[in-house]
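All chains are named by letter (A, B, ...) in the order of the sequence lines, taking the proteins before the strands, and each is independently numbered beginning at 1. The basis for the numbers below is simple: all heavy atoms, side chains too, and nothing from hydrogens, waters or symmetry mates.
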Amino acid sequence: MKIVVAVSGINAVDNPGPGTGICKALKESDLDVRTIGLAYDAMEPGVYMDNIIDKSYIMPYPSGSREAFIERIKHIHSVEKIDIIISALDAELPIYMDIEPVLTEMGIKMLIPTKEMFKTRDKLRLKELAETIGVKAPEYRSCTSIRDLHDSTEEVGFPCMVKGPFYEAFKANNIGEAEGYFHKIAMAWGYPIIVQKFITGDEYDVVGCGDGKGNDIGVFAIRKMTLTKLGKVWNAVSVKNDRLIEATKKVVSGLSWRGGFEFEVLVESKTQDIYVLEINPRFPAWVYFAAGCGINLPERMVKLLLNKEYETHSNYDSGKLMIRFTNEMIKDIKDFEQISTTGET
Amino acid sequence: MDRDKLSVLAISDSGFIFDPVTGHSYTANATGLRIFELLKEDKSEDDIKSVLMEEFETTEDEVSVDVDDFIENLKKYFLI
C-alpha cells in the first residue's frame with residue numbers, strides 16, 4: 001500500500017516554497033509514495049506538476065478559521081487516507097502546531113517543532129540563541145513605527161539590513177531606502193520590522209532535520225553562490241565545513257529540535273566569525289539539493305514517523321553544484337477550471 | 001605560515017582550485033600552480049623562489065614579486 005504524504009508550499013515561483021522539492025525527493029526515494037499537494041492558490045505551479053504531485057487540493061488560508069482548516073484536512077483525509085503531512089511554510093506552522101493533537105487522533109503524523117521551539121528561533125531572540133550555540137548574532141533592533149526605524153538605524157548605522165517578520169530582507173544604504181523597505185515589507189508581511197547590522201561576508205545555509213530528542217537525522221551545508229533579488233538562493237555549492245556543522249548540531253541538541261529546518265549563517269570576511277542570521281522552522285526550497293547528494297531528509301522524516309529504519313549519516317561530497325532554472329509547462333484551461341471550481345485536481 | 005589548509009584544497013591540472021570548506025573557487029596560472037605544489041611540499045619561500053628562477057629562467061626580482069604577491073593573496077583568502 002502506498003504511503004500518502006501531503007505536502008504544502010508547492011508554490012514553485014520566484015520566491016519558491018519547498019513543497020515541490022520535498023515531493024521530488026520523496027518520489028526519488030525507495031518509498032512507495034502518493035504525494036498530495038496542499039495549495040493556497042489555483043496558480044501554484046505544483047498543482048500542475050503531476051509528475052511529482054499525484055493530486056492537489058486547495059486549502060483555506062491558515063490565518064482564517066481553525067475549524068475550516070481542520071474540516072478541509074478531514075475531507076482530504078476521508079478521500080486520501082493521509083499518513084503524514086509535511087508543512088513547508090512558516091506562516092502555516094502555528095496552526096499546524098495548534099492542531100497537531102487533532103491530526104494525531106485522525107491518524108495523521110507530523111514532525112514539526114513545538115511552540116516553544118518555534119519561539120526560541122524567532123528573529124527577535126537570535127542573540128540568546130547565538131550564545132547557546134556558541135556563534136555570534138548581528139546587532140539588530142525591532143521596529144513597529146517609523147520613529148523606531150529612525151532610532152534603530154541611528155544605533156545600528158548604514159548600510160543595514162531591513163527584514164520582515166517572516167520573509168524578505170533588503171540592504172538599505174540610507175534612511176530614504178530604509179523607509180521605503182520598511183513600508184514595502186510591512187504592507188506584505190506586517191510587523192515587527194527588523195533592522196540588522198550589515199556584515200560583509202559569505203552566506204551559508206545548512207538544511208537538517210531533528211528527531212525531537214536532541215539528535216539530527218542528517219545535515220547538509222551549502223555556500224550560496226547567487227541570490228535572487230528577493231534574497232533567495234539560486235545557485236549553490238555543497239561544502240564540508242566542520243565549524244558550521246558543529247554549530248548546527250548544537251542547534252539541534254540545544255533545542256531538541258523536532259522537524260526540518262534551515263540554519264542560515266554568514267561568515268564574516270575579515271574575521272571568519274560565524275553569525276547566525278536565521279533559523280527557518282521547515283525545510284528550505286533547495287531541500288532537493290541535499291536529496292540529490294544522498295541526504296534525502298524528506299524520506300528520512302517519513303521513515304522516522306512511520307517507525308521504519310532510516311539513515312542518519314551526513315556523508316556527502318563537497319563541490320556539488322545546484323543550478324536552479326526557470327521552466328514552462330503547457331496545460332489545458334480545463335486543468336485550471338478543475339482546480340478553480342472543485343478545489344482539487 | 002599555516003599550510004594545513006592546503007592539503008584539503010582540490011587542485012586540478014588546469015589550475016582550478018576548490019576549497020571544500022568555504023565553497024570558494026579560484027584559478028591559478030602555471031606559476032601559481034607551481035607555487036602551490038611547492039608550498040604543499042613544505043618548501044620555504046626562499047626555496048620556492050630558487051626553484052622558480054631555475055624552472056622559468058627568470059630573475060630573482062621578478063620571482064620575488066610573483067611569490068610574495070601570490071602568498072599574500074593566499075593569506076587574504078584564508079587559504080594559508
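Annotation for A/Lys320: atom NZ does not count as buried by contact number, only 12 or fewer foreign heavy atoms lying within 6.0 Å. Heavy atoms of other residues, nucleotides or ligands lying less than 6.0 angstrom from CD of B/Glu60 number 12 at most. By the neighbour-count criterion of 12 heavy atoms within 6.0 Å, atom NZ of A/Lys250 is densely surrounded, having more than that number from other residues, nucleotides or ligands. The number of heavy atoms from other shown groups lying within 6.0 Å of NZ (B/Lys43) does not exceed 12. The environment of A/Asn315 atom CG is dense: over 12 non-hydrogen atoms of other residues, nucleotides or ligands sit within 6.0 angstrom.
Within residues 14-32 of chain B, the residues having any heavy atom closer than 4.5 Å to a heavy atom of chain A are B/Phe18, B/Pro20, B/Val21, B/Thr22, B/Gly23, B/His24, listed by residue number.
Only the backbone of A/Lys270 comes within less than 4.5 Å of a heavy atom in chain B; its side chain stays farther off.
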